[in-house]
Amino acid sequence: MESERSLGKVSLMSEFKLVIGNQNYSTWSMRGWLAMKLSGVNFTVEKIWLDQDLDRKQRLAKTPAGRVPALMHGDFCIWDSLAIAEYMAELCPDAPMWPKDLQARARARSIVAEMHSGFAALRSKLPMNCAVQREERDRGPEVAKEVARVIEIWEGCRRDYGSGGNFLFGDYSLADAFYAPVASRFLTYAVRLEGEAKGYAETLLAQPDVQEWVEVGKTEGHIMPAYVDIQ
Ligand SMILES: N[C@@H](CCC(=O)N[C@@H](CS)C(=O)NCC(=O)O)C(=O)O
């Protein structure tokens, strides 16, 4: 762990609180929460219901970007799922957050960054919704292109780095955490997967932290029509 001095006003003893949105809908919150679980630290959660914060006032009162997740470490705020993941990885170098090997780690960061900055069609056309099951259907060429790219990423990591375990880089890591909401979407919208990608998606959805999040999402209520209306 970092020394007390380099943490500025925040002490190692300061508590962690993660501000999240609805567990059924907020994929970024899920990623931030999975990163916190991977770090192994104790943390509390404050949930802001997105359906009760349409003007973002509650979120803006917590974090300058007005988005969730946001991590409070004492009174120090870190916002954005990736910044939270990196903060915790630096703070907890012994936690299995990134792969140990330099190039595996760089590849993991590449696919996490690719997810963090892309996949607009998956986001808009297949929003996460753990509580429903849709039928398989053609969701258009943009979605098909992005699904194919996700499969390519998964198969490539499994082939090149996955021999030591069942996850993208062998052991479960931040790379898997950032793709967990995608696996959940593929299940919800009955996206057809085969072989390695199918097995990996099943493994990821069975990972205990992922399951814990999804189980709450399924039953938390606060249904938002914008998501539910997508068949
Ligand atoms: N890049 C951000 C995205 C966060 C984000 O867009 N969060 C959504 C909830 S899933 C939100 O609060 N959106 C509010 C808005 O865009 O107005 C991250 O990785 O944390």
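A distance-only check finds a donor-acceptor pair linking the side chain of Gln133 to the backbone of Leu187 [under 3.5 Å]. A donor-acceptor distance shorter than 3.5 angstrom exists from the side chain of Arg59 to the backbone of Asp53, with no hydrogens or angles considered. A donor-acceptor contact shorter than 3.5 Å is absent between the side chain of Gln52 and the backbone of Gln58. Listed for the Glu142 side chain is no donor-acceptor partner under 3.5 Å among the backbone atoms of Ala121. In this structure a side-chain-to-backbone donor-acceptor pair under 3.5 Å is present from Arg134 to Ile230. Side chain of Ser184 to backbone of Ala180: no donor-acceptor contact under 3.5 angstrom is found. Panel note: side chain Arg31, backbone Phe178; a donor-acceptor pair is recorded below 3.5 Å. One N or O on the side chain of Arg105 and one on the backbone of Lys100 form a donor-acceptor pair closer than 3.5 Å. Using a distance-only test at 3.5 Å, with no hydrogens or angles considered, no donor-acceptor pair links the side chain of Asp51 to the main chain of Met224. Using modelled atom types, no side-chain atom of Ser81 and backbone atom of Trp28 make a donor-acceptor pair closer than 3.5 Å.
Val216 and Val19 fall into different hydrophobic clusters, where Ile, Leu, Val, Met, Phe, Trp and Tyr residues are linked whenever their side-chain heavy atoms come under 4.5 Å apart, directly or through other members. One hydrophobic cluster holds both Val45 and Val214 under the rule that ILVMFWY side chains link at heavy-atom gaps under 4.5 Å. No path of Ile, Leu, Val, Met, Phe, Trp and Tyr side chains, each step under 4.5 Å between heavy atoms, connects Leu60 with Met72, placing them in separate hydrophobic clusters. Both Ile78 and Met88 are members of a single hydrophobic cluster when ILVMFWY side chains are connected at heavy-atom separations under 4.5 Å. Two different hydrophobic clusters hold Trp49 and Ile223 under the rule that ILVMFWY side chains link at heavy-atom gaps under 4.5 Å.
For the residue pair Lys47 / Gln23, a side-chain donor-acceptor distance below 3.5 Å is found, with atom types taken as modelled. Judged by distance alone, the side chains of His222 and Asn24 never bring a donor and an acceptor atom under 3.5 Å apart.
For the atom pair CZ (Arg137) and CZ (Arg139), the distance works out to 5.5 Å, reported to the nearest 0.5 Å. With rounding to the nearest 0.5 Å, the separation of CZ in Arg56 from CG in Leu50 is 11.0 Å. The distance from the CD1 atom of Ile20 to the CE atom of Met30 is 11.0 Å, given to the nearest 0.5 Å. Within the model, atoms CZ of Phe119 and OG of Ser117 stand 8.5 Å from one another, a figure rounded to the nearest 0.5 Å. If you take CE on Met36 and CG on Leu18, they are separated by 6.0 Å, rounding to the nearest 0.5 Å. Atom CD1 of Ile153 is separated from atom CD of Glu114 by 4.0 Å, given to the nearest 0.5 angstrom.
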Steps toward side-chain hydrogen bond (donor to acceptor under 3.5 Å, both in side chains) verdict (Tyr200, Asp176): CA-CA 10 Å; Tyr200 169 67; Asp176 306 292; 2.7 Å; yes

Worked check of side-chain hydrogen bond (donor to acceptor under 3.5 Å, both in side chains) between Trp33 and Glu212: CA-CA 11 Å; Trp33 186 87; Glu212 186 181 332; 5.6 Å; no

Test side chain to side chain contact (heavy atoms under 4.5 Å, CB included) on Cys157 and Arg107; report intermediate values, then the result. CA-CA 8 Å; Cys157 291; Arg107 175 86 161 259; 4.1 Å; yes

Side chain to side chain contact (heavy atoms under 4.5 Å, CB included) evaluation trace for Leu126 with Val191: CA-CA 10 Å; Leu126 308 186; Val191 172; 4.1 Å; yes

Intermediate values then yes/no, salt bridge (charged side-chain N to carboxylate O under 4.0 Å, His left out), Glu146 and Arg123: CA-CA 10 Å; Glu146 292 185 2; Arg123 272 189 230 307; over 6 Å; no

Tell me, with the steps shown, if Tyr25 and Met128 meet side chain to side chain contact (heavy atoms under 4.5 Å, CB included). CA-CA 5 Å; Tyr25 303 123; Met128 187 168 79; 6.0 Å; no

Could you walk me through whether Arg109 and Trp98 pass side chain to side chain contact (heavy atoms under 4.5 Å, CB included), step by step? CA-CA 8 Å; Arg109 282 201 165 103; Trp98 292 115; 3.4 Å; yes

Arg159 and Glu155: salt bridge (charged side-chain N to carboxylate O under 4.0 Å, His left out), yes or no, with the steps? CA-CA 6 Å; Arg159 182 191 60 234; Glu155 288 178 347; over 6 Å; no

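Under a cut-off of 6.0 angstrom, the local environment of CZ in Arg192 is sparse, with at most 12 non-hydrogen atoms contributed by other residues, nucleotides or ligands. No more than 12 heavy atoms of other residues, nucleotides or ligands lie within 6.0 Å of CD in Gln103, so this atom counts as exposed by the packing criterion. Counting non-hydrogen atoms of other residues, nucleotides and ligands closer than 6.0 Å to CG of Asp55 gives a total above 12. Within a 6.0 Å sphere centred on CD of Glu135, heavy atoms belonging to other residues, nucleotides or ligands number 12 at most.
Across all their heavy atoms, Thr63 and Cys77 have their closest contact at CB-SG, 4.1 Å. Minimum heavy-atom separation, Ala83 to Trp79: CB-O, 3.3 Å. Nearest heavy atoms, Arg158 versus Asn166: NH1-C, 3.5 Å. Residues Ser29 and Val68 approach most closely at OG-CG2, 3.6 Å, considering heavy atoms. Shortest non-hydrogen contact noted between Leu34 and Val210 is CD2-N, 3.9 Å. The two residues Tyr189 and Pro127 have their closest heavy-atom pair at OH-O, 2.6 Å.
At a threshold of 4.5 Å between non-hydrogen side-chain atoms, the residues Ser173 and Met97 do not count as touching. Between Leu168 and Tyr161, every side-chain heavy-atom pair lies at or beyond the 4.5 Å cut-off. Contact of the Ile84 side chain with the Pro69 side chain is registered, since non-hydrogen atoms from C-beta on lie closer than 4.5 Å.
The six-membered or imidazole ring of His73 lies near that of Tyr87, with a centre-to-centre distance under 6.0 Å. Between Phe186 and Trp154, the gap from one ring centroid to the other is short of 6.0 Å.
The existence of a salt bridge linking Glu152 and Arg149 is confirmed by a sub-4.0 Å separation between a basic side-chain nitrogen and an acidic carboxylate oxygen. Taking the charged nitrogens against the carboxylate oxygens, Lys62 and Glu46 do have a contact shorter than 4.0 Å, which makes a salt bridge.
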